[in-house]
Structure formats: structure tokens, C-alpha cells
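What you are looking at is a predicted structure, and each value in this text was computed from that prediction instead of being measured.
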Amino acid sequence: MKLKLLFIFTLLSFSFYAPYIAYLNDNNHNLTEIIVVKNGDTISDTLDQISSRNIFHFFFLKIFIKFNDFINFQSGEYTTKGISIKKLITNIVDGSTVTHKLIIKEGSTIYDLNKLINNSKLINDCEMLSCIESKYGFKEGILYPDTYFYKNGMLASEILSKSHTRLINYLENNIEKNIYNFNDVKKVLILASIIEKEAGNEKEKNDIASVFLKRLTINMKLQADPTIIYGLLPNFDGDIKKSDILDNKNKFNTYMIQGLPPSPISISSISSINAASFSKPGEYLFFVADSKTSHYFSKSYDEHLNKIKELRLDQ
């Protein structure tokens, strides 16, 4: 009788152990890609999510928790992709939450940035960079473009302050002490942003800078289309009209105003900042796009017009 009971117990143990181990090591489960553990959720609440309310799986999880003396789950987002149930549980115990990325791109505007943050998992406590104390007198173009990592529910101000500080440090260590073209970093940032929006590739940034610097030295208007567009934001419809070019109420319209606009028109890359800082006024006065990623540079207006005709841009 005792042998029979021992046999039955052993059989039941193996019948339980095999599916228990298989379940814990399963990484082909049908769970949602992200499990969210909220503040105040009990362990059972979380196990309900993971087990999908399957009573046997819930029981397996309870045993695993008990045998490993896990007493606390940490709130946050957890990926289930490509990992076993056992690994998922240990991640929740350790607080190994999902890391998100916020990519602050060169050429993006304060309006783009605000939309990006509102569509992220950050808490936007810095609408239109209101949390940043800018010593330059403007909020546009004061961030260092890069990829920043964060956790769900983190404050946007933490990332934006870090990005702003990185830019200030770069300017103070590399631009302010060695500035060539201007005696004012504000002007560097403004010109850099125009270069950023005009350049089709990295190699031509110095040439574009030299054109604008040449125009500034001879009191010629910059006549940069991206400045018109910026002045029409956030309601620009994608088409620059003749009335927009002739609009003298648009303070960013460099077809109408003399010199630089009052602030940057975008976030600038370091290469654009360097081009604005260290390039010299050159021999070119005009440029026109001859492909999607490049421009043709001209020394005279006649040469410029001939190139426009050659490219059939006057039709």
C-alpha cells in the first residue's frame, strides 16, 4: 500500500513538475508586448495579468513566487517580448522596466518638440520649453540634438534641462572662446538654424554659411525661405505664397527684414553651429537646389538665373 501511494505521489509530482517548468521557461507565450504594473497593484493583480486568468498558470506563478521568497513587485512597464515567464517575474521584482527613447532631432522646431513629448510616455511639465531659463532671450534652438532615454512617467523637464545644459556647455567650451564671425552666441544659434534648414548635406554647410555671411557683410537681405515658414508656424499649410514673401508683418521674413531674424528657427546640429561660427564670407552669393540633397552655388545673379532656367525651376 505504501509503495502504491509513493508511486502515485511520484507520478503526480512528475505530472505537475513538467508543465510547471515548461510554463516558467515559455518565451512563446501570447501575452501583450507590455505588462503594466500600477502603483497599488497587488501581486495577485499582476499574476492575473501574466496568467491571463488561467487557474493552473496562476497556481504555477504563486508557487514560483513562494519558493523564491518574492514579496514585492515594482511598478512600471515591463516587456514580455522574447523572454520567459520566469524572467518576466524576476524583472518585475528587480524593477527592470522598459526604457523609452526621445529623439531630439536637428532641424526640429519647438512646435515639433512639444508634439513629440505629448505623444511620448513623458509627463509634459515643460510646454514649449517653459521650464528652461534661457539666457539668450528665446526658447527656440536651445537644445542639444541627441537620443535621450527615459522611463514611463518621467518628467519631460529632466530630459530637456539635460539637453539644454549640454548645448550651453558646448557653446561655452567651443564657441564663446573661439568665436570668429559674431561677438554674440545668440547670432551664431540663429544663423546655425537657418543653415540647418537650408543644407541638403553636411558637406555644403560651410558654403551655405559663407553665402549668408557674405550677404550680411554687404547688407544684402538673407532671403531664406525657411525663415518665412517659421514665422507662419504653427499654421503653415505647406505652400509659400507670393503674399507670404511680401509680408512685412512676419518678423522672421528675411525677404523683408534686414539681417538675422529675432531667434533661431529650429534646433541646430553641432556641424551647423560650427559652420555659423567659423566659416568665412565667401565668393558665392546665391544657391539653388539642384537635387533633393544638394545645391548649386553661384557668384552672380545672372549665373543664378541661368541655373534656375537650366533646372527648369522658372516654369
Side-chain angles (χ1 to χ4, degrees), residues 5-104 113-132 146-165:
L5 288 174
L6 181 60
F7 174 76
I8 293 172
F9 177 78
T10 302
L11 183 63
L12 290 174
S13 295
F14 276 108
S15 299
F16 167 82
Y17 185 73
Y20 169 74
I21 293 299
Y23 174 67
L24 290 179
N25 289 292
D26 179 19
N27 57 7
N28 293 313
H29 40 70
N30 294 318
L31 296 176
T32 57
E33 193 168 311
I34 297 292
I35 291 286
V36 179
V37 180
K38 299 176 183 177
N39 281 324
D41 279 358
T42 65
I43 288 179
S44 291
D45 291 332
T46 303
L47 297 187
D48 273 340
Q49 281 194 76
I50 298 171
S51 66
S52 301
R53 298 189 180 278
N54 179 306
I55 190 169
F56 293 107
H57 293 168
F58 184 87
F59 182 58
F60 291 156
L61 292 171
K62 277 285 193 179
I63 292 174
F64 181 68
I65 296 292
K66 183 69 175 176
F67 281 174
N68 287 278
D69 294 323
F70 294 150
I71 57 174
N72 288 310
F73 279 1
Q74 299 191 49
S75 61
E77 293 180 313
Y78 298 90
T79 183
T80 67
K81 191 174 180 180
I83 64 172
S84 67
I85 297 294
K86 179 167 64 176
K87 178 61 176 174
L88 174 59
I89 294 294
T90 56
N91 282 347
I92 295 173
V93 172
D94 294 337
S96 300
T97 53
V98 173
T99 299
H100 299 281
K101 293 190 293 186
L102 184 78
I103 303 175
I104 299 179
L113 180 67
N114 210 55
K115 183 178 180 180
L116 178 68
I117 293 171
N118 285 335
N119 290 331
S120 73
K121 293 182 180 291
L122 289 163
I123 296 172
N124 193 354
D125 63 333
C126 195
E127 288 276 344
M128 303 299 283
L129 297 183
S130 58
C131 66
I132 305 295
D146 205 347
T147 299
Y148 297 86
F149 298 94
Y150 69 94
K151 302 289 187 178
N152 182 30
M154 184 175 166
L155 297 177
S157 57
E158 295 182 43
I159 288 177
L160 298 175
S161 295
K162 177 182 178 181
S163 178
H164 178 60
T165 299

Please report the shortest heavy-atom distance between [X] and [Y], naming the atom on each side.
X	Y	result
S163	Y148	OG-OH, 3.2 Å
Q74	V93	NE2-O, 3.0 Å
L116	I103	CD2-O, 3.4 Å
I123	G153	CD1-O, 3.2 Å
V36	Q49	O-NE2, 2.9 Å
N54	F56	OD1-N, 2.9 Å

Measuring from atom [atom1] of [X] to atom [atom2] of [Y], what distance do you get when rounded to the nearest 0.5 angstrom?
X	Y	atom1	atom2	value
N114	C126	CG	SG	8.5 Å
K162	D146	NZ	CG	8.5 Å
L155	N124	CG	CG	10.0 Å
D26	K86	CG	NZ	12.0 Å
I34	N152	CD1	CG	9.5 Å
M154	T99	CE	OG1	10.5 Å

I want to check something: taking the side chain as every heavy atom from C-beta on, are [X] and [Y] in contact at a cut-off of under 4.5 Å?
X	Y	value
L61	I85	yes
S52	F58	no
L160	I117	yes
H164	L129	no

**Request:** Ignoring hydrogens and angles, state whether a donor on the side chain of K151 or T97 is under 3.5 Å from an acceptor on the partner side chain.
**Result:** yes

**Asked** Do we see a donor-acceptor contact under 3.5 Å between the side chains of D45 and T42?
**Response** yes

**Prompt:** Hey, mind stepping through S84 and N25 against side chain to side chain donor-acceptor pair (under 3.5 Å) and telling me if it holds?
**Reply:** CA-CA 5 Å; S84 67; N25 289 292; 5.1 Å; no

**Complete:** Sorted by chain and residue number, the side-chain hydrogen bond (donor to acceptor under 3.5 Å, both in side chains) partners of D94 (sequence neighbours excluded) come out as none

**Request:** Could you please spell out the steps behind the side chain to side chain contact (heavy atoms under 4.5 Å, CB included) verdict for E77 and V37?
**Result:** CA-CA 6 Å; E77 293 180 313; V37 180; over 6 Å; no

**Prompt:** Does the side chain to side chain donor-acceptor pair (under 3.5 Å) test come out yes or no for T46 and D41, once each step is laid out?
**Reply:** CA-CA 7 Å; T46 303; D41 279 358; 4.7 Å; no

**Residues K87, T90; criterion side chain to side chain contact (heavy atoms under 4.5 Å, CB included); working and verdict** = CA-CA 5 Å; K87 178 61 176 174; T90 56; 3.8 Å; yes

**N119, CG: over 12 other non-hydrogen atoms inside 6.0 angstrom** = yes

**Item:** From CA spacing to verdict: side chain to side chain contact (heavy atoms under 4.5 Å, CB included), I50, L88
**Value:** CA-CA 9 Å; I50 298 171; L88 174 59; 4.0 Å; yes

**Message:** Tell me which pairs pass ring pair (Phe, Tyr, Trp, His ring centres under 6.0 Å) where either residue lies in residues 66-102, with sequence neighbours left out.
**Reply:** F64-F70, H100-Y150

**Item:** T147 and L102: CA distance, side-chain angles, deciding distance, side chain to side chain contact (heavy atoms under 4.5 Å, CB included) verdict
**Value:** CA-CA 6 Å; T147 299; L102 184 78; over 6 Å; no

